[in-house]
Amino acid sequence: MEVPIVLPESIRSLVQQTPTPIKAEDIDTTFKSDSIDLVNKALGSRILACSDEWFAAAENLTTPTPPIRKPGVFTYAGAWYDGWETRRHNPEPFDWVVLRLGAASGKVKGVEVDTAFFNGNQAPEIAMQGCFVTDDREEEVKSKDFVEWETILSKQKCGPSQRHGWLLPKMTSKAYTHVRLQMFPDGGIARFRLFGEVVPVLPQDLNAVFDLAATVNGGVAISCSDQHFGTKDNLLLPGRGKDMGDGWETKRSRGDHVDWVIIRLGLPGVIEKLVVDTAHFRGNFPQKVQVFAAEGSGRAPGHDDSAWTEILSPQKTGPDAEHEYSGETLSAVGHVYGYVKLVIIPDGGVKRFRVYGKRPEAVQ
């Protein structure tokens, strides 16, 4: 008879807290189906302070596009890098950068650190901390002597010129407003992504109409048929963007075809108005759009699931314009929905998708 091995509580706790490394090719599928980048620059995240940025600015860490390289280009400080790079020979244990999340607060699922093009000067190790503080204490958070940081991701090794991902054992139970990325002892990082879910601050008035699908309100684009030119996550960002690169765009199709994206609303609600914005899409906007909705807040229905109800019949669209649909055009009056599916016919690009509505308590 085998005697079971009982690990000490301290070791069991350590195992439970150990993050899972994610291969570079699996990072997107691991995080981008049910979480968002909480430090996405388009959400309004901010770099508040850093220990050093002699060679390359910390502001580059949250650039939404992939890093680029300019071989042979030099600045006053040294070789040009698309990322954050500090001086050599740091006398302190680590360099650091403090960021304010783009949402009111968020819970963390995982982290990505990309050292693209940093080879021989990449960060050897990184770690990440978080805190929850009100914005009136922002000056305190900027200080290197701020003591309220909690470890979210323990120290992890990094290699040269590659994406690194770590999945936490579970979503943090606590929400954070600020994070501090640590780099041991110095070096360079091209991009930093913080994956998780938004903890939104919603209107107190039950009759208030707000965007149920917005990223800042907890909405997530969980799946789509195609995102060849622009990702589905862009649909739910604030504002109208700056060019075609920050919208959702599919590849050209031939024959009978439609593309689609499924969105989990930040909370189930009663839909009153839809907005499909084709800003900057002038020769590649969809010919028509159609919208379906489904009840519930559990597992999302599949694309062809019978749970979908058409709430907007196919409507013709135009270039570079916001298209609003409400009133009798919508077939959603009085129903509470947790998911929506935007269908574009046959393909093309959409900049933003808004789903305005009320909390379900408003119809009870």
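Between Lys174 and Glu150, at least one side-chain N (NZ, or NE/NH1/NH2) sits under 4.0 Å from a carboxylate O, which counts as a salt bridge. The residues Glu322 and Arg354 are annotated as not salt-bridged, no charged nitrogen and carboxylate oxygen being separated by less than 4.0 angstrom. In this structure, Lys358 pairs ionically with Glu272, as a charged nitrogen and a carboxylate oxygen lie closer than 4.0 Å. Using a 4.0 Å cut-off between charged nitrogen and carboxylate oxygen, Asp277 and Lys351 do not count as a salt-bridge pair. At a threshold of 4.0 Å, the pair Asp135-Arg100 counts as salt-bridged, since one of the basic side-chain nitrogens sits closer than that to a carboxylate oxygen. Looking at Lys109 and Asp34, a side-chain N of the basic residue comes within less than 4.0 Å of a carboxylate O on the acidic one, giving a salt bridge. The pair Glu148-Arg137 counts as a salt bridge, with a side-chain nitrogen and a carboxylate oxygen less than 4.0 angstrom apart.
In this structure, Ser161 contributes its side chain and Phe117 its backbone to a donor-acceptor pair below 3.5 Å. Side chain of Asp114 to backbone of Ile189: no donor-acceptor contact under 3.5 angstrom is found. The closest donor-acceptor contact from the side chain of Ser225 to the backbone of Trp260 lies under 3.5 Å. Proximity of a side-chain donor or acceptor of Arg359 to a complementary backbone N or O of Pro203 within less than 3.5 Å is detected. In this structure, the side chain of Thr63 does not engage the main chain of Thr65 through any donor-acceptor pair within 3.5 Å. The backbone N or O of Ile222 lies less than 3.5 Å from no partner atom in the side chain of Ser33, so there is not a single donor-acceptor pair. Side-chain N or O atoms of Arg352 include one that pairs as donor or acceptor with a backbone N or O of Leu237 at under 3.5 Å. Under a 3.5 Å cut-off, the side chain of Lys341 and the backbone N or O of Ala293 do not form any donor-acceptor pair. No side-chain donor-acceptor contact under 3.5 Å links Ser105 to the backbone of Ala175. Looking only at distances, a side-chain donor or acceptor of Trp308 sits under 3.5 Å from a matching main-chain atom of Gly302.
Within the 4.5 Å cutoff, no side-chain heavy atoms of Phe195 are placed close to those of Leu38. At least one side-chain heavy atom of Leu101 sits under 4.5 Å from a side-chain heavy atom of Val179. No side-chain heavy atom of Val198 sits less than 4.5 Å from a side-chain heavy atom of Val216. Taking 4.5 Å as the limit, every side-chain heavy atom of Asp52 sits out of range of all side-chain heavy atoms of Asn90. By the 4.5 Å heavy-atom criterion applied to side chains, Trp166 and Ile22 are not counted as neighbours.
The two atoms that bring Thr177 and Ala104 nearest to each other are CG2-O, 3.5 Å, heavy atoms only. When all heavy atoms of Lys242 and Asp246 are compared, the pair lying nearest together is N-OD2, 2.8 Å.
Between the side chains of His303 and Asp305, no donor N or O sits under 3.5 Å from an acceptor N or O. A donor-acceptor pair shorter than 3.5 Å cannot be found between the side chains of Asp347 and Thr250. A donor-acceptor contact closer than 3.5 angstrom links the side chains of Asn121 and Glu85. No hydrogens or angles considered: nothing links the side chains of Gln290 and Gln315 as a donor-acceptor pair under 3.5 Å. No side-chain donor-acceptor contact under 3.5 Å links Ser326 and Glu324. A donor-acceptor contact closer than 3.5 angstrom links the side chains of Thr86 and Asp95.
If you take NZ on Lys288 and CD1 on Ile345, they are separated by 6.5 Å, rounding to the nearest 0.5 Å. Once rounded to the nearest 0.5 Å, the distance linking CZ of Arg252 with CD of Glu249 reads 9.0 Å. The CG atom of Asp259 sits 8.0 Å away from the SG atom of Cys224 when rounded to the nearest 0.5 Å. Taken from CZ in Phe192 to CE in Met183, the straight-line distance is 12.5 Å, to the nearest 0.5 Å. How far CD of Gln129 is from CZ of Arg180: 4.5 Å, rounded to the nearest 0.5 Å. The CD1 atom of Ile36 sits 5.5 Å away from the OG1 atom of Thr215 when rounded to the nearest 0.5 Å.
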Inset, instruction - Let me see the working for Phe94 and Phe184 under ring-ring contact (aromatic ring centres under 6.0 Å, His included), right down to the final yes or no. - result: CA-CA 4 Å; Phe94 58 86; Phe184 298 87; 5.2 Å; yes
Inset, instruction - May I have the step-by-step check of ring-ring contact (aromatic ring centres under 6.0 Å, His included) for Tyr81 and Phe118, ending in yes or no? - result: CA-CA 8 Å; Tyr81 276 92; Phe118 286 99; 4.6 Å; yes
Inset, instruction - Evaluate salt bridge (charged side-chain N to carboxylate O under 4.0 Å, His left out) for Arg163 paired with Asp28, printing each intermediate quantity in order. - result: CA-CA 11 Å; Arg163 296 175 71 186; Asp28 290 347; 3.0 Å; yes
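Surrounding CG of Asp256 are at most 12 heavy atoms belonging to other residues, nucleotides or ligands under 6.0 Å away. More than 12 non-hydrogen atoms from other residues, nucleotides or ligands lie less than 6.0 angstrom from CD of Glu25. Atom NZ of Lys157 is surrounded by 12 or fewer heavy atoms from other residues, nucleotides or ligands within 6.0 Å.
The only option from Val275, Leu274, Thr278 that meets the side-chain contact (heavy atoms from CB on, under 4.5 Å) definition with His323 turns out to be Thr278.
Under the 30°/60° scheme for interplanar angles, the aromatic rings of Trp149 and Phe146 are found to stand perpendicular.
A cation-pi contact, defined as under 6.0 Å to the ring centre and within 45° of the axis, links Lys70 to Trp80.
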